[in-house]
Amino acid sequence: MFIAHLINDSFADPGVYVKFKYRNEAILFDLGDIHRLSSKEILRIKYVFISHTHMDHFIGFDHLLRVCLGRNRHISLFGPPGFIRNVENKIGAYTWNLVENYTNDFAFTVVEVQKERKITSRYHCRNAFSPEAVDSVEAFNGTLVDTPVFSVKGVFLDHKIPSLAFSLEEKIHVNIMKNALIDMNLSTGKWLAEFKNSVVGNYPDDTPIKVTGKKESTGTVERTIPLGVLKEKIVKVTKGQKISYVADAVYSEDNSKKIVELARSSDTMFIEAPFLDKDADTASEKYHLTAKQAGILARKAEVKNITVFHFSPKYKGYGNLLTEEAMRAFRG
């Protein structure tokens, strides 16, 4: 299960932080100013998906790098054409002559997404972040990451430059029935996260699962139960959660079609809404959406909820007008 929120308020740099509820991992959509995130939150980040490298979407790279230095962390970053050069220019702005002495080795894997392929390069701290050739040029079919737990897809939108929009989808959602836990005299705890991973990973039913049970005299006791028995007794599997993220795109027929298809049936859609519809000409000139257009796209995509952001500073103090316009269009 995901818990997602804007990093900053709707007038500040774009970015969405997505935490996995039962895993010590997080995902970031866009990398603007991330100082509002704690170091603990930043150190959970495993994947970063960047729409494009305008400053307000990429300036947080330095802070991410600063927090992660000296840690055994590995982060994968995805971005549009030219992204590998952008990252190398960032890294190349610093001197790395002492990092070979670090005990821990922080590393980046950088994936540049092009129209028909993905190009990967890797950078290790203890090698002074020198680019390491990775024999990895893959075809791009819309999928950026595919794990047993979730997948992330991306599409290119027109922002006068290529700008990526993303969707994050949980494969299945594993619901634990608390009444069934009580009936089986089982306690909650870390074992549930491991159990859920076994369900999502489609492990064999005879896989032994160490569970924590209740016992009046000693408090808790560990025992082993086959995965298949637990699946039958305490689990309800439902459709996975879906989140979509759309930032910086002009309102056009092609963009609209791609956005609606990408975001279809999202539980939550994060979508930019920089301008009021009365300023639609300005929005078009700047290759952005209006709040009304954002709401219309969300309605067409049949999403459950929308969160609008990336408001133009010209409406400072009147952000409610942008939100209200988007919601009116969304509700039809």
Checklist entry - Quick check: does any side chain N or O of W96 sit under 3.5 Å from a backbone N or O of S130, one acting as donor and the other as acceptor? => result no
**Message:** Is it true that, when you exclude K153 itself, more than 12 heavy atoms of the residues, nucleotides or ligands shown sit nearer than 6.0 Å to its NZ?
**Reply:** no
Practice item. Step through the shown structure and confirm whether more than 12 heavy atoms of other residues, nucleotides or ligands are within 6.0 Å of NZ on K118. Key: yes
message: Tell me whether N255 contacts the main-chain N or O of L157 through its side chain, where contact means a donor paired with an acceptor under 3.5 Å.
response: no
Tightest non-hydrogen contact, residues F330 and A298, listed as CD1-CB, 3.7 Å
When clusters are formed by joining ILVMFWY residues with side-chain heavy atoms under 4.5 Å apart, either directly or through shared neighbours, do F156 and L289 land in the same one?
no
### Task
Evaluate the side-chain proximity of H288 to Q293: yes if any heavy-atom separation is below 4.5 Å, no if none is.
no
Between L164 and G79 the two heavy atoms that sit nearest each other are CD1-C, 3.8 Å
- prompt: Among the clusters formed by ILVMFWY side chains lying less than 4.5 Å apart, do V145 and V16 turn up in the same one?
  reply: yes
task = Assert yes or no for the condition that the ring centre distance of F20 to F150 is strictly below 6.0 Å.
result = yes
Could you go step by step and tell me if D158 and D254 meet the side-chain contact (heavy atoms from CB on, under 4.5 Å) rule? CA-CA 9 Å; D158 180 15; D254 186 53; over 6 Å; no
Worksheet entry | S256 side chain vs E253 backbone, donor-acceptor pair below 3.5 Å | no
Any non-hydrogen side-chain atom of L28 less than 4.5 Å from a side-chain atom of L37? yes
Check: R264 main-chain N/O paired with K242 side-chain donor or acceptor under 3.5 Å: yes
Output for pair (D205 CG, E232 CD), nearest 0.5 Å, gives 9.5 Å
Between I42 and H63, is there a side-chain heavy-atom distance shorter than 4.5 Å?
yes
* To do: Indicate yes or no: at least one non-hydrogen side-chain atom of L230 is less than 4.5 angstrom from one of V235.
  => no
Margin query: Apply side-chain contact (heavy atoms from CB on, under 4.5 Å) to residues I234 and F195 and explain how you reach the verdict.
Written below: CA-CA 11 Å; I234 69 170; F195 164 62; 3.7 Å; yes
Note to self: The test is side-chain hydrogen bond (donor to acceptor under 3.5 Å, both in side chains); show your working for H54 and D56 and say whether it passes.
What the structure shows: CA-CA 6 Å; H54 282 165; D56 53 339; 5.1 Å; no
In terms of heavy-atom contacts, K171 and T147 come closest through NZ-O, 2.6 Å
inquiry  = For residues V18 and V246: do they belong to one hydrophobic cluster (side chain heavy atoms under 4.5 Å, members Ile, Leu, Val, Met, Phe, Trp, Tyr)?
reply    = no
How about CZ on R71, more than 12 heavy atoms from neighbouring residues, nucleotides or ligands closer than 6.0 Å, or not? no
Quiz item: Can the ring centroids of F78 and F49 be said to lie less than 6.0 angstrom from one another?
Solution: yes
Mind running side-chain contact (heavy atoms from CB on, under 4.5 Å) on I50 and F83 for me, showing each step along the way? CA-CA 9 Å; I50 295 170; F83 188 55; 3.6 Å; yes
dist L227:CG -> N202:CG (nearest 0.5 Å) comes out at 9.0 Å
Residue set satisfying ring pair (Phe, Tyr, Trp, His ring centres under 6.0 Å) with H5, at least two apart, ordered chain then number -> Y17
task: Check the hydrophobic clustering (I, L, V, M, F, W, Y; side-chain heavy atoms under 4.5 Å; chains of links allowed) and say if M177 and I209 are grouped together.
output: no
Flag, side chain of H74 to backbone of A107, donor-acceptor distance under 3.5 Å: no
ask   = Under 30°, 30 to 60°, or over 60°: which ring-plane class applies to F106 and F108, parallel, tilted or perpendicular?
value = perpendicular
(request) Answer yes or no: is there a donor N or O on one side and an acceptor on the other, between the side chain of D33 and the main chain of D13, under 3.5 Å? (result) no
(Q) Any non-hydrogen side-chain atom of Y287 less than 4.5 Å from a side-chain atom of I161? (A) no
Here the pair of heavy atoms bringing D279 nearest to K314 is OD2-NZ, 3.5 Å
*asked:* Can a donor-acceptor pair be found, under 3.5 Å and without considering hydrogens, that links the side chain of E112 to the backbone of I84?
replied: yes
Between Y315 and P274, the two heavy atoms sitting closest are CE1-O, 3.2 Å
(Q) Whether K160 and D248 form a salt bridge (side-chain N of Lys/Arg under 4.0 Å from carboxylate O of Asp/Glu) is what I want to check. (A) no
(Q) With heavy-atom distances below 4.5 Å as the criterion, would you say the side chains of L144 and F166 are in contact? (A) yes
Side-chain heavy-atom pair E116, F140 within 4.5 angstrom cut-off:
no
task: Give a yes or no on whether the backbone of A247 and the side-chain of S163 come within a donor-acceptor separation of less than 3.5 Å.
output: yes
Subject >> Close side-chain approach of F270 and I243, heavy atoms under 4.5 Å >> reply: yes
- Ring centers of F58, F61 separated by less than 6.0 Å: yes
For residues 230-257, the ring-ring contact (aromatic ring centres under 6.0 Å, His included) pairs (sequence neighbours left out) are F29-Y245, Y245-F309
- prompt: Can you list the steps and then say if T268 with V303 is a side-chain contact (heavy atoms from CB on, under 4.5 Å)?
  reply: CA-CA 7 Å; T268 302; V303 307; over 6 Å; no
The reported gap from OG in S252 to CD1 in I259 (rounded to nearest 0.5 angstrom) is 7.5 Å
_How about NZ on K300, more than 12 heavy atoms from neighbouring residues, nucleotides or ligands closer than 6.0 Å, or not?_
no
When rounded to the nearest 0.5 Å, the distance separating CZ of R36 from CG of N8 is 5.0 Å
ask   = With no hydrogens and no angle check, is any side-chain donor or acceptor of E325 less than 3.5 Å from a backbone partner on D277?
value = yes
When rounded to the nearest 0.5 Å, the distance separating CG of L64 from CD1 of I45 is 5.5 Å
Correct closest heavy-atom pair for L262 and S167 would be CD1-OG, 3.6 Å
Is it the case that atom CD in E261 sees more than 12 heavy atoms from other parts of the structure closer than 6.0 Å?
no
I'd like to know if the side chain of Q241 and the backbone of E170 have a donor-acceptor N/O pair within less than 3.5 Å.
no
Heavy-atom neighbours of K258 NZ exceed 12 at 6.0 Å:
yes
Verify the cluster assignment for Y203 and V211: are they in a single hydrophobic cluster under the rule of side-chain heavy atoms below 4.5 Å apart?
yes
CG (L69) and OH (Y94) are apart, to the nearest 0.5 Å, by 10.0 Å
Within 6.0 angstrom of K257 NZ, more than 12 heavy atoms from elsewhere: no
